[in-house]
Amino acid sequence: MRKEKQDDLIDVSAEPIDTILHETESLHGSLKMSYMDMFRPICQQWHLKSLLAIIGTDSHTQSAETVPPNNIECLRKFELLDIAYFYSYMLRIFTVFNPAFGSLPILNMLSFTPGFLVNLWGNLESILFPVSNRITENNHYLCAGKSSGKEKGGVFVKKQKGANKDGANKWVNVLNKFTEPLRCGPQGISKDMTCLLHLFCATYSHLLLILDDIEFYEKQVPFTLEQQKRIASVLNTLVYNGLSNGIGRQNRPLMESAIRCLHLMYERDCRHQFCPPVLWLSPATKNRPPIAVAARTHEVFSANLRADDASTSRSMGSIITTTPHVFPFEERVEMFREFIKMDKASRKMAGEVSGPGSQSVEIVVHRDRIVEDGFQQLNSLGSRLKSSIHVSFVSECGLPEAGLDYGGLSKEFLTDISKAAFSPEYGLFSQTSTSDRLLIPNASARYLENGIQLIEFLGRVVGKALYEGILLDYSFSHVFVQKLLGRYSFLDELSTLDPELYRSLIYVKHYDGDVKELALDFTVTEESFGQRHVIELKAGGKDASVTNENRMQYVHAIADYKLNRQILPFSNAFYRGLIDLISPSWLKLFNASEFNQLLSGGNHDIDVDDLRNNTRYSGGYSQGSRTIKIFWEVIREFEPKERCMLLKFVTSCSRAPLLGFKHLLPTFTIHKVACDVPLWATIGGQDVDRLPSASTCYNTLKLPTYKRPSTLRAKLLYAISSNAGFELS
């Protein structure tokens, strides 16, 4: 073969290994196959076990007595490092010479060799977390978990919460001291450490793809949760400092594998927390830039990425893109608003927005077919939807409704069209079977007329709401949002979509007997409009029985279908509509839960003082009016659920804006409805009989002049419980 391919061969003595690997990609396929045949034993578990046995890390093949006690640790570290170098290079070689599967055979073998990952991390841990320091760390952690006494009442709870928070901070501070060698990123660590970290990150990120929550949280294999925290801290610090100081070419394999592993750990923590929130923030605590500076840097970085300018890899923008979690959520929301502010300014400079009413879109919408009218008139506009929309409504009786749109009607249009289109009865979206009833595209929507196009249009509706800062009282399934954020979903996320199916798959995965007894094959069955459709998960799936040998393939094939393949046409359509108004780089600031908060607001309660400080009065009311004073007294006494109902009654959304009510547009307003009651009637105990009403398009509560707190409370609760607005008057 060397003779036949003499022209293709490379003089290995004159070229560095990177050049050889990349240039050899052009060699003939048969030559590549000869290399793969030669390397085949490397993918076998017995090969790694033989190497581990030689250095005595495999306790089943060699006892510690064969090596002098003083030399065991040193010898094990040194020779395990040799093995790490060997397989680190093999990962790169397989990536080049095995285009069909890349380094997958190596990663499969390394991930499932018992004890290998644990040994690898043990070496890293002994370097980064010396024994004396680890004892200090454990003491801090134990102190954080201690509680003194079992007093009852709110005081003890507050103290305990404060103690837990302080304990978490101390624990993270200790971790930061241990990870001091990583403060300069990959450039500040030795070649040996780089090799160990690269192999560990590549192997562990592969294992994390198939590790289920029972193994991770309950059985705690291959690592305890305390070790998982240390791993997360190391990766978080390494990646942040690597991006801050710049990534050299020689460090890219390490950074790519570390970033991949970090993202998988962070996403698992978002779904089921195992790290204190301060751990993710800790690397950037002392040197975060101001919000406006970070936002502008991010935009420059994104623009240069589109222009393929590699020099920007050293900028702060890459940190915001790759590890946005080092910034507190509130700061990222402010960044998002800053991006929109900058976009509006650039549109104004480009002449798209030159004055009041310019470039605005005029539409006429019938109340009884709001989705269809909106779709026909707005769907083709694309990014022009960023312009203001002027809406004229036609009543259900066919008559034009009076009134001019100064922004309130367009808000009402967005909330009403969302309410209609996201309703399960409409057929485009359904609700998950979990208790929170999150929205997920209906698999049957593909059979509806214009179903995919309507979902794309709803992406533009949601994009418009985000762009204008209008809250919609809906939350999407985390699996669906993951697709919008460009992320793949894995087995354990199925628990948030279909808990019953998830439990069944975990049962199959851990089944002790012969899986053939369960009579499963590689198919799934869907039902739509009374018809059943059988879908094969792989070619010939109907005839492929599930066995003990292929059950892992079956479990992940089912999960992949439900979480990725089935939902992909709908998420792609929704995404196309969404990015007409919201840049993909802006979306990647948030995880799935945070995206839902960005869309629908904050906690399930409201800050009464914040609302009061940002309320406007009209019609004759002022802050000192008797009815207004009574109103705020009554609101404070409401249950959290009742306060949320009031907010939904007035604004159409039950949650407060993330950054406070000063960001609510239009401003929350209480308008006076004068209702004079004769003096003799008041003396006799009579109060105003009229109910409060609301104008949701202007966030206005129309409040009659009640005289007594009991009357105001009763009337207000009746109104907000009736889920009605104008007609109550």
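When reading the values below, keep in mind they use all heavy atoms of this one structure, side chains included, and skip hydrogens, waters and symmetry mates.
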Testing Ile106, Leu120, Leu107, Thr203 for side chain to side chain contact (heavy atoms under 4.5 Å, CB included) with Tyr87, which one passes?
Ile106
Verify, without hydrogens or angle tests, whether Asn241 (side chain) and Leu182 (backbone) share a donor-acceptor contact under 3.5 angstrom.
yes
Side chain to side chain contact (heavy atoms under 4.5 Å, CB included) for His47 and Ser50? Distances and angles first, verdict last.
CA-CA 5 Å; His47 185 273; Ser50 298; 5.8 Å; no
The ring pair (Phe, Tyr, Trp, His ring centres under 6.0 Å) partners of Trp586 (sequence neighbours excluded) come to Phe339
Dump the intermediate steps for side-chain hydrogen bond (donor to acceptor under 3.5 Å, both in side chains) on Lys483 and Asn572, then the final yes or no.
CA-CA 8 Å; Lys483 300 292 155 295; Asn572 283 347; over 6 Å; no
Tell me whether the NZ or CZ atom of Arg268 lies within the 45° cone about the ring axis of Phe216 and under 6.0 Å from its centre.
yes
Do Lys229 and Glu226 meet the salt-bridge criterion of a basic N to acidic O distance under 4.0 Å?
yes
Without swapping roles, check the side chain of Asn550 against the backbone of Gln553 for a donor-acceptor pair under 3.5 Å.
no
Contacts of Phe522 meeting ring pair (Phe, Tyr, Trp, His ring centres under 6.0 Å) (sequence neighbours excluded), chain-then-number -> Tyr554
Can you tell whether the side chains of Lys542 and Glu536 come within less than 4.0 Å, N to carboxylate O?
no
Taking all heavy atoms of Ile210 and all of Glu215, pick out the closest pair and write down the distance.
O-OE1, 4.1 Å
Which atom pair, heavy atoms only, marks the closest approach of Gly242 to Pro186?
CA-CD, 3.6 Å
Can you measure from CD (Gln44) to OG1 (Thr113) and round to the nearest 0.5 angstrom?
10.5 Å
List in chain and number order the residues that pass ring pair (Phe, Tyr, Trp, His ring centres under 6.0 Å) with Tyr507, two or more places apart in sequence or in another chain; answer none if no residue qualifies.
Tyr511
Taking the six-membered ring for Trp, are Phe490 and Tyr488 closer than 6.0 Å centroid to centroid?
yes
Closer than 3.5 angstrom, by distance alone: can the side chain of Asp560 be matched with the main-chain N or O of His556 as a donor-acceptor pair?
no
Between Ser205 (side chain) and Ala202 (backbone), is there a donor-acceptor pair under 3.5 Å?
yes
How far apart are the closest heavy atoms of Ala284 and Arg288, and which atoms are they?
O-CG, 2.8 Å
Are any of the side-chain nitrogens in Glu493 or Lys562 under 4.0 Å away from the carboxylate oxygens of its partner?
no
Say whether, by atom type as modelled, one donor and one acceptor occur between the side chain of Ser111 and the main chain of Asn108 under 3.5 angstrom.
no
According to the interplanar angle, ranging from 0 to 90°, do the rings of Phe223 and Trp121 count as parallel (below 30°), tilted (30 to 60°) or perpendicular (above 60°)?
perpendicular
Taking CD in Gln273 as the centre, count heavy atoms belonging to other residues, nucleotides or ligands within less than 6.0 Å. Is the count above 12?
yes
Where the side chain of Gln227 meets the backbone of Thr224, is there a donor-acceptor pair that is under 3.5 Å apart?
yes
Contacts of Lys588 that satisfy side-chain hydrogen bond (donor to acceptor under 3.5 Å, both in side chains) - sequence neighbours left out
none
Would Met265 and Leu208 count as a side chain to side chain contact (heavy atoms under 4.5 Å, CB included) here? Give the steps.
CA-CA 8 Å; Met265 296 198 76; Leu208 281 169; 3.8 Å; yes
Residue pair Phe476, Phe574: steps toward the ring pair (Phe, Tyr, Trp, His ring centres under 6.0 Å) verdict:
CA-CA 12 Å; Phe476 295 105; Phe574 195 93; 5.6 Å; yes
Donor-acceptor pair, distance only, cut-off 3.5 Å: does the side chain of Arg487 make one with the backbone of Gln482?
no
Output yes when a side-chain donor or acceptor of Arg332 lies under 3.5 Å from a complementary backbone atom of Pro324, and no otherwise.
yes
Please check if the side chain of Ser583 supplies one atom and the backbone of Ile579 the other of a donor-acceptor pair under 3.5 Å.
no
Has the side chain of Asp269 got a donor or acceptor atom that lies under 3.5 Å from a matching backbone atom of Cys275?
yes
Looking only at side chains, do Ser88 and His198 share a donor and an acceptor under 3.5 Å apart?
yes
Answer yes if the ring centres of Phe480 and Phe595 are under 6.0 angstrom apart, and no otherwise.
no
Minimal heavy-atom distance between Ala559 and Leu505, with the atoms involved, is N-CD1, 4.3 Å
Using the ring pair (Phe, Tyr, Trp, His ring centres under 6.0 Å) criterion, which residues pair with Phe112? Sequence neighbours excluded.
none
Across all chains, not counting sequence neighbours, the side-chain hydrogen bond (donor to acceptor under 3.5 Å, both in side chains) partners of Tyr217 are none
Would Ser545 and Asp521 satisfy side chain to side chain contact (heavy atoms under 4.5 Å, CB included), going step by step from the backbone distance to the final call?
CA-CA 4 Å; Ser545 298; Asp521 58 28; 5.7 Å; no
Mind listing the closest non-hydrogen atom pair of Asn591 and Cys270 along with its distance?
ND2-SG, 3.2 Å
